[in-house]
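Heads up: the structure comes next, in structure tokens.
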Amino acid sequence: MSDSQKTAKVSFDDKELELPMYAPTAGPEVIDIRKLYSEGGVFTYDPGFASTAACDSTITFIDGDKGQLLHRGYPIDQLASKSHFLEVCYLLLYGELPTAEQLEDFEHRVTNHTMLHEQMQNFFRGFRRDAHPMAVMVGVVGAMSAFYHDSTDISDPWQREVASIRLIAKMPTIAAWAYKYSVGQPFIYPRNDLDYASNFLRMCFAVPAEDYNVDPVLARAMDRIFTLHADHEQNASTSTVRLASSSGANPFACIAAGIACLWGPAHGGANQACLEMLREIGTPDQIPEYIARAKDKNDPFRLMGFGHRVYKNFDPRAKVMKQSADEVLDLLGIEDNPTLQTAKELERVALEDDYFVEKKLYPNVDFYSGIILDAMGFPTSMFTPIFAVARTVGWISQWKEQISDPQLRIGRPRQLYQGKTLRDYVDVENR
Ligand code: CMC
């Protein structure tokens with residue numbers, strides 16, 4: 001953290017406090033309010049953390065006005081077009097792009113950890129057949145701490161490393177098995193001769209009676225979806241992982257907490273909600289009705305896949321995703337996909353509408369991803385699990401960064417209490 005040489009003055013009542021400020025390498029300067037309570041006796045109030053930096057980090061940077069997303073300084077569009085998911089994982093985890101040798105070693109380590117403990121199958125089978133795959137993932141990932149005791153000691157850097165690789169490697173198997181269980185098909189084991197994305201597709205779509213030949217274009221599209229979702233700095237699920245980890249909880253428990261948070265429709269659950277919305281709209285002529293509903297303050301309906309806390313410009317991931325959607329549908333020979341037509345028209349109408357223009361609401365990453373996943377054959381319930389597979393590396397990288405931060409303290413927000421003040425208990429007969 002570098003001192004910006006500036007200070008911020010806060011005055012109230014008869015007090016005046018001078019607070020240090022820090023200069024980031026990119027983004028807004030930061031006022032250090034840590035002594036505000038001990039020296040001023042007041043808290044700050046920021047529900048939703050719109051103005052609060054909860055940590056310092058070197059992993060990912062977003063410039064919401066420019067619509068820029070950088071991982072360790074590299075723009076997401078370059079990574080999506082020139083790199084691939086496991087290389088991006090290495091970059092996020094270790095800070096630099098790997099040499100050819102480092103990449104080979106990393107890919108080998110991930111590939112050799114993709115199998116699950118055989119007993120974990122019993123755990124899957126304990127769920128109701130119609131359980132949402134996200135419910136299964138929260139449970140199974142949390143249960144990993146019961147199966148992999150030898151990588152739960154967070155004070156040991158080696159165990160932290162083993163847990164990181166295990167999570168990145170096993171997550172596709174867990175998501176694929178959650179899917180297989182929900183459709184009543186046998187679990188398909190991972191294969192070490194396939195790359196990360198191809199392996200995942202095969203575990204989802206092969207059956208013992210017939211193998212699944214992975215189309216390289218679909219594998220590339222899957223890999224790009226993973227890359228585009230890999231990390232997104234201090235979003236809700238990542239902050240959840242950091243908060244869970246601040247108490248010293250083991251990595252599997254922390255990632256399970258992140259998955260639970262991701263599930264919500266305002267966050268990772270938006271990809272499922274978005275495709276369901278596009279199908280409900282059905283045809284472009286219905287769009288005005290839904291735009292009107294999204295603008296109506298008395299209607300809770302929102303345009304799913306639109307808007308973002310940080311981006312006040314195009315989400316750079318959405319641009320790549322839109323291009324990918326065209327490529328995948330083209331490959332699959334789906335020329336007149338009505339959902340894609342509706343999505344494109346909805347985007348056009350919304351971007352010209354004063355409400356969306358004034359509030360700077362643009363399509364986000366979830367707007368086009370569902371169309372690709374649907375074309376690949378995934379049911380909507382698998383969209384958020386796929387997001388979770390991809391985001392695991394981001395959660396893990398942020399978790400590792402936090403664990404090794406000497407300033408780590410348990411996360412413990414304060415509150416603006418608005419409840420009753422001290423009062424005496426009243427016996428039931430006198431109430
Ligand atoms: N449709 C209609 N109005 C919207 C939308 C939308 N999708 N998003 C925001 N607004 C309005 C909102 O009603 C509010 O209006 P007003 O100022 O008049 O009260 C204003 O825009 C600001 O919205 P906010 O809810 O205060 O903004 P936020 O930063 O708290 O929420 C968001 C961000 C992503 C939760 C929100 O835009 C949203 O609910 N979008 C739809 C869900 C979605 O697509 N989520 C995926 C986000 S990207 C992937 C991820 O993070 O996982």
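All ligand and atom numbering here is 1-based and tracks the order in the structure. Scope of the values below: all heavy atoms of this structure, side chains included, with no hydrogens, waters or symmetry mates.
- In this structure, R125 forms no cation-pi arrangement with Y181, as its terminal cationic atom is not both closer than 6.0 Å to the ring centre and no more than 45° off the ring axis.
- Backbone and side-chain nitrogen or oxygen atoms of A266 are examined, and one is located within less than 3.5 angstrom of a nitrogen or oxygen of ligand 1.
- In this structure, atom 22 (C) of ligand 1 is not in close contact with the protein, since no protein heavy atom lies within 4.0 Å of it.
- Residues Q286 and E280 have side chains that never bring a donor and an acceptor to within less than 3.5 angstrom of each other.
- Relative to the six-membered ring of Y212, R202 misses at least one condition, a distance below 6.0 Å or an angle of at most 45° to the axis.
- Annotation: K359 places an N or O atom under 3.5 Å from an N or O atom of ligand 1; distance criterion only.
- Classified by interplanar angle (parallel below 30°, tilted 30° to 60°, perpendicular above 60°), the ring pair Y148/H117 is perpendicular.
- Put simply, atom 27 (O) of ligand 1 has no protein non-hydrogen atoms near it, under 4.0 Å away.
- Regarding atom 39 (O) of ligand 1, its nearest protein heavy-atom neighbour is R302 NH1, 2.9 Å.
- Around NZ of K319, the count of heavy atoms belonging to other residues, nucleotides or ligands within 6.0 Å does not exceed 12.
- Residue-to-ligand polar distances place G305 within reach of ligand 1: an N/O pair is separated by less than 3.5 Å.
- In terms of N/O distances under 3.5 Å, ligand 1 is not approached by M304.
- At a heavy-atom cutoff of 4.0 Å, ligand 1 is contacted by no atom of N235, backbone or side chain.
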